[in-house]
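Reading through the structure tokens given below for one structure.
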There are 2 protein chains.
Amino acid sequence: MTTSRSTYHHGELRQAVLAAALDVIATDGPGALSLRDLARRAGVSHAAPAHHFKDRTGLLTAIAAQGYALLAADLAGTARLRERGVRYVRFAVEHPAHFQVMFQPELLRADDPDLLAAKERASAELRAGVADLRDVPDARTAGIAAWSLAHGFATLLLTHNVDGALGDRDPEEYFRSLTGLLFSQQLTTEGE
Amino acid sequence: MTTSRSTYHHGELRQAVLAAALDVIATDGPGALSLRDLARRAGVSHAAPAHHFKDRTGLLTAIAAQGYALLAADLAGTARLRERGVRYVRFAVEHPAHFQVMFQPELLRADDPDLLAAKERASAELRAGVADLRDVPDARTAGIAAWSLAHGFATLLLTHNVDGALGDRDPEEYFRSLTGLLFSQQLTTEGE
DNA sequence: CGTGCAATCTTGTCACTGGCAAGATGTGGA
DNA sequence: TCCACATCTTGCCAGTGACAAGATTGCACG
């Protein structure tokens, strides 16, 4: 960041803008994003970022694509379904800006090739995780159930809706105990 | 909507702006919201909405508060946990704009009294739903699990991430079968 | 060793937005 | 009647995204 800057070209503007954007989004959400502000932070003119991302939507689409790529890589690290869920939650905690943007389609260019490719890779990893299940008649629905659980917990986590229940415990560990509760069918004793 | 309008006062501006805002948000997300656009739709001057909502954040906070009130009322309609989950999903489908805004804290005035009160009512209904469970050692964690499942499915639904798996089936019905899968412990036969 | 070309960045501009201040208009109560 | 208040209007300013046109730089190719 504190490199040359005496030259006309920035050299790493794309990365600089991306990093600054992630900072802003993680703190104040995508709505607080301003291309001109990002340009100021990078020490370039107000129109410089446009050359790398076309427009605001382009920047957010690039972030989402990067997010899906990161998520796919994270998920690929293990074969066990529950551990994949833990990694899904960890991804949301470690990359909150990516996570937010990935799941707000209105912010993105839906037909962007990079985005589609990265999303497909992450989706494939998600599906592969269900292969870990045995003797499940409807594996696809089971996969949606697992995804819903992890995604819901991650979302509630980032929106500070489980701060109280969490206390000072580690989110990942809490999610493990949470899945343990489900998988040990203690929830099956529903009343009525 | 097509009432008088010959008078200086609009009369129902607050409701008109709220309704228009919900339309815009449901279609293009909260980011597409423009107070001036809402004013134009209502046929009033650009500064008129500010008197009812103070500013953009005020409008979104009012929407979130209304959303929590609606959700609390919906959840109160049944005692069974699974049915409450179904209603949670139904709420998200029928009030997508409310749902989106409710879970984006950066858009809201966190200390707004109306918002806090409505959120507390919804939260109480959520907790009450867990009372339906029997013989569960950690009811609080079980509640978070149930909430995560419903919230995750609702979110994935609204972000078009389960369109393929859903086909032409009813979302609520699909969610029922999804919980059935979990509660019948068929997911417990995890490999490894 | 140039030289032309493409990528990168700058400057200038426009329409639009949110928010504020000051004034106009209508409403209801003392 | 008349005054206090809520509601709406007009006018304004700074900030923003997008676009166009031009300046600067690095690089491939002769």
Side-chain angles (χ1 to χ4, degrees), chain A residues 1-21 23-25 27-64 101 104 106-109 112 114, chain B residues 1-21 23-25 27-64 101 104 106-109 112 114:
Chain A
M1 181 175 285
T2 53
T3 54
S4 57
R5 198 60 228 104
S6 60
T7 63
Y8 186 86
H9 284 91
H10 182 286
E12 296 174 347
L13 182 57
R14 185 183 167 92
Q15 300 181 31
V17 169
L18 273 176
D23 263 6
V24 172
I25 297 173
T27 306
D28 300 321
L33 238 185
S34 156
L35 289 182
R36 288 172 115 96
D37 177 50
L38 299 180
R40 277 190 294 271
R41 295 187 186 216
V44 295
S45 81
H46 66 84
H51 187 270
H52 294 274
F53 302 102
K54 170 66 179 172
D55 54 17
R56 226 181 91 102
T57 303
L59 170 58
L60 291 166
T61 302
I63 289 176
V101 174
Q104 286 191 256
E106 317 89 23
L107 301 178
L108 310 176
R109 194 121 38 210
D112 181 83
D114 289 346
Chain B
M1 183 174 286
T2 53
T3 55
S4 57
R5 195 62 226 108
S6 59
T7 62
Y8 186 85
H9 284 92
H10 182 286
E12 297 174 344
L13 182 56
R14 185 185 168 92
Q15 300 181 30
V17 168
L18 272 176
D23 264 5
V24 172
I25 296 174
T27 307
D28 300 322
L33 238 184
S34 156
L35 290 182
R36 287 172 115 95
D37 177 50
L38 298 179
R40 277 190 294 269
R41 296 187 185 216
V44 295
S45 81
H46 66 83
H51 188 269
H52 293 274
F53 303 102
K54 167 66 178 174
D55 55 17
R56 227 182 91 102
T57 303
L59 170 58
L60 291 168
T61 301
I63 290 177
V101 174
Q104 286 191 258
E106 317 88 26
L107 301 178
L108 310 177
R109 194 123 35 212
D112 181 83
D114 289 345

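Side chains are part of it too, since the values below use all heavy atoms of this structure and drop only hydrogens, waters and symmetry mates. Chain letters run A, B, ... following the sequence lines, proteins first, then strands; residues in each count from 1. Keep in mind that this is a model prediction, so the values were computed, not measured.
- Shown here are the side-chain hydrogen bond (donor to acceptor under 3.5 Å, both in side chains) partners of A/Arg109, two or more places apart in sequence or in another chain: A/Asp55.
- Nearest heavy-atom pair, A/Arg14 versus A/Ala62, reported as atom, atom and distance to 0.1 Å: NH2-CB, 4.1 Å.
- For A/Asp37, the side-chain hydrogen bond (donor to acceptor under 3.5 Å, both in side chains) partners two or more places apart in sequence, or in a different chain, are A/Arg41.
- Note: CG (A/Leu60) to P (D/dT16) measures 16 Å, nearest angstrom.
- Side-chain proximity of B/His51 to D/dT7, C/dT10, C/dC9: nearest is D/dT7.
- Considering only residues two or more places apart in sequence or on other chains, B/Ala39 meets the side-chain contact (heavy atoms from CB on, under 4.5 Å) condition with B/Val44, B/Pro49.
- Straight-line distance from the CG atom of A/Leu38 to the P atom of D/dT16: 10 Å, rounded to whole Å.
- B/His52 places its NE2 atom 14 Å from the C1' atom of D/dC5, with the value rounded to the nearest Å.
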**OP:** Summarise protein proximity over nucleotides 13-22 of chain C in one line of letters, 5' to 3': B for base, S for sugar-phosphate only, - for none, counting protein heavy atoms closer than 4.0 Å.
**Re:** B---SBBB--
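- Every side-chain contact (heavy atoms from CB on, under 4.5 Å) that B/Leu59 has, sequence neighbours left out, goes to B/Val17, B/Leu18, B/Ala21, B/Leu33, B/Leu35, B/Leu38, B/Phe53, B/Ile63.
- Listed by first then second residue, pairs satisfying side chain to side chain donor-acceptor pair (under 3.5 Å) with a partner in residues 42-53 of chain A number zero, not counting sequence neighbours.
- The distance from atom CD of A/Glu12 to atom P of C/dC9 is 11 Å, rounded to the nearest whole Å.
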